[in-house]
Amino acid sequence: MKNYGSGSAFRFRTHVLLMCLTMLTQEGRAAGDLDVRWSPEFGYFHTYGTLDQNRQHWFGQASLVMRYRESQVKERWQLQFRLRPEFYNYQKSTAILNMSGQAQYRWRWNKIHSAAELSQHYQFYYGGANDQFTDATRVQYTAAFHFRPRYSVDVSLGYFQRNITGDTDHRLQAPNGAVRLVFYSDKLTVSTGCYTEYYEVKRPDTYSPSRRRGWGIGPEATVEYNGDLFANLTYRLVVRDADAFGTNDNEHHFSGIWGRSLGNRLACFVYADYTFREIDRRGDLAFYSTNNENRIYAKLSLEEQKSLEWFLKVGYLRYELYGLDSEFSGVNVSAGIEWRN
Amino acid sequence: MKRVFAHFFLLPLCLLAAPTELWSQNLAEEEASIAELRRLLDDEVTVHDSLKRMLDATAREIEREKNQSSPNEDRLRSMMSQALQLSGRIKHQQQRIRQHERQVEAATAKLDRMYEDLLDSLIRVKAVGQSIPNDAVDVHIWVVKEKRLYLLPGIKRLSYEPQKVHALAPASITDSMEKAIVVDYLRRALKEVEDRVEAVRTSRAEYEELVRFRRRLSRFMDDVREELFFSPLYALSSTGGVEGPGLTAMRLQGRSIVDLLYQISARNPLLDRVAVAPDKETAVLTIEEYLELLKEAERQLTNYATVIREKLR
C-alpha cells in the first residue's frame, strides 16, 4: 500500500475533523439534536463491462451517519460524520472504507440567506495489488439574495481538491463558481444559471509527467416540484476550452430524482444520472470529467416503526475507467435495514 | 451554442414578466369579485344545510312512523320518496359547493399574488421615496399584510370574545330567559371551538405525513450526494444548500394560528419566537416548527373546549 496522503495538508484536514468531532461532544449538545443512523445491506451484482464480463458477486455494506444540529431563528449549524465499509467478493475479496466529515453553517441577514460548508472525504480501497487511496476536500460558500418575493439570485464560490494515490496517481484542483436566477412558488422551483471552473489535473506517476489546466463553463437549468410527490430534473452543459484539449470538449449531464409516499409507511425513490460526452476520452491519462458514472437506481422503503425501516434497492451502474481505457458496468439488487435514534 | 445560451436566459425573463402583468390588473375589482364568490358559496352552503335539516327531520318521522304499532304504509312510502328526493338534491348541492370552492380557491391564489406584488412595490417605494412620508407607506403596508393574512384559507380567529366566555357563569343565573340566552351563546362558542379543533387536527395529519416523507426524502438525497462526493458534480447542486423562502401558505397559516392562540390567551415559547421575530413576513417557521405549532394549537383549543363544556354542565 502506498503512503496515504503524506504531508501537512493531510494532517491539517485530520486536525479540522478532530476539532469538529470535539465540538460535537462539548457545550451546546443539550440544546441541539443528535441524529444517528445505522444501515447494513446485502446483495448481488451482475457485471457486463469490458473489465469483468457476466459474473455474479455478492456484496455487503454498512453505513453509520452521526449528525448534530443546532438551530436558532436566523442561523443553523450542523456537524456530520459518516463511515461506510463495503465488502465485495470481486475476483478476490475487495474492501472499501469510506469516511467523511462535514461542517455546515447557515444564516440569514436581511434578504440574504447564506451557507458555508467545509467537508473532507477519504476512501481506502483494498484490492490486493490494486490498493488505492482517495481524499477530497471541499470548501463552499453560497449566498441567495431574495431581491423580490419568489425570486432570488444565488452566487456560489467553491474550491475542490481530489488526490488519488495508488497504481496511478491523479491530482485535481478546481476552484469554481456559479450564478443562478431562481424562481420559487409554493411547490415549484425553477432555476437557470451558469457554472464556471478553473481546473488543473496532474499525473505525476506517468513516464512523461502530464499536466493539464483550463477553463470549464456552461449553462444549467433545474426544475423541482415539491408537493404530494417530489421531482427534480437538472440539465448541465460543461464546455472545456480548446487550449487544453485541442478541440472544445462538450459534456452534457442529465440527472433526475423522483420520490413519492405510497401510503403511511411505504415510499419509493428513484435517482438517475446520465452523462453524454461528444468526444470519447477513454485512454486519455490526464482526462478530467465532472462525472464518470451513469447510473439509475430505485429504492423502496417500508417504515416498520418510527426508528426502523426496511429497504430494497435495484440499480444499474456504468463506470468509465479513463486511465485503463475501459469501463465497468452491471446491475445490482440489495436489501437492508435502517435504525435511527 | 449561442442559441442554447439564449434559451437558458429567456426562461427567467419570461418568469419575471408574469407578475408585472398581474400588477397591472385592478385590485379592487378582484377583491369585489372574491367577496361575491364567497357570498355565493355561503348561499350554497346555507341551502345545503337546510336540505340536510329537512332530510334529518324526514328520517326521524320515518323512524317514528315505523315504531308505531300499526304504521301507515302510504305515509311511509310518501315520506321515503320525499327522503330520496332530498338526498338527490343534497348530492347535487354538494357538487355545486365543490365547484364554487374551486372558483374561490383560484381567485384567492390570484389575489394573493397581487397582494404580494403590491407589497413588494410598497417596500421599494419606502426605500426610495422622499416625497411620501414613510409612516403613510408603513400604514399601507400593514393594511395589505393584514388583508393577505386573512385571505388564505386557514385557521380563522374566533368570531366571539373569549374573555366574555370566561366571564359567563350560567349556573349562577336565576332568570330563565337570561340563562337560555347565555347557554345558547356558549353552545355556539363551543361549536366554533370544536370546528377549529377539527380544522387544526386535519391540517396536522396532512403535515405529519408530509414531514415524514420529507425526512425520508432528505435521507435519500443525502445518500445520493454522498456517493457523488468524489466528483465536482457535488458542488453543482442548483440550490447550493441554501433554503428557499418556504411554503407561503404554511407560513401565513402559521401566523393565523399564532393569532388564534393569542386570542384565547395561550402561552408557549414557540409563539413568542414567531411573534417577536423582526422579519415576520420572511421564512420564520420550518415545516417541523409549524407542525409543533399545530400540535400546541390542538392541545390549547381542546382545553378551551373543555372549559366551555364545564360551564354548560
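Convention: sequence-line order gives letters A, B, ...; per-chain numbering from 1.
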Counting only non-hydrogen atoms closer than 4.5 Å, does [X] touch chain B with its backbone (N, CA, C, O), its side chain (CB onward), both, or neither?
X: A:S152; value: neither
X: A:R260; value: backbone
X: A:V270; value: backbone
X: A:R265; value: backbone
X: A:L262; value: neither

Could you tell me which non-hydrogen atom of B:V224 sits nearest to which non-hydrogen atom of A:R295, and how far apart they are?
->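 Distance-wise, the nearest heavy atoms are O-NH2, 3.9 Å.
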
Basic-acidic side-chain contact under 4.0 Å: A:K313, B:D223 =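 No, no charged N to carboxylate O under 4.0 Å.
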
Residues which pass salt bridge (charged side-chain N to carboxylate O under 4.0 Å, His left out) with A:E303, listed by chain and number, not counting sequence neighbours |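 With neighbours one apart ignored, the set is A:R340, B:R212.
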
Give, for atom CZ of B:F220 and atom CZ of A:F230, the distance between the pair rounded to the nearest 0.5 Å.
->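 Going from CZ on B:F220 over to CZ on A:F230, the span is 10.0 Å.
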
Minimum side-chain heavy-atom gap A:R82-B:D222 below 4.5 Å |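 Side chain of A:R82 against side chain of B:D222, heavy atoms only: contact under 4.5 Å found.
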
Can you tell which of A:E309, A:K299, A:R84 has the highest number of heavy-atom pairs within less than 4.5 Å of chain B?
->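 So the answer, after comparing A:E309, A:K299, A:R84, is A:E309.
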
With A:A267 via side chain to side chain contact (heavy atoms under 4.5 Å, CB included) - residues at least two apart =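 For A:A267, the residues satisfying side chain to side chain contact (heavy atoms under 4.5 Å, CB included) (neighbours in sequence not counted) are A:F269, A:S301, B:R216.
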
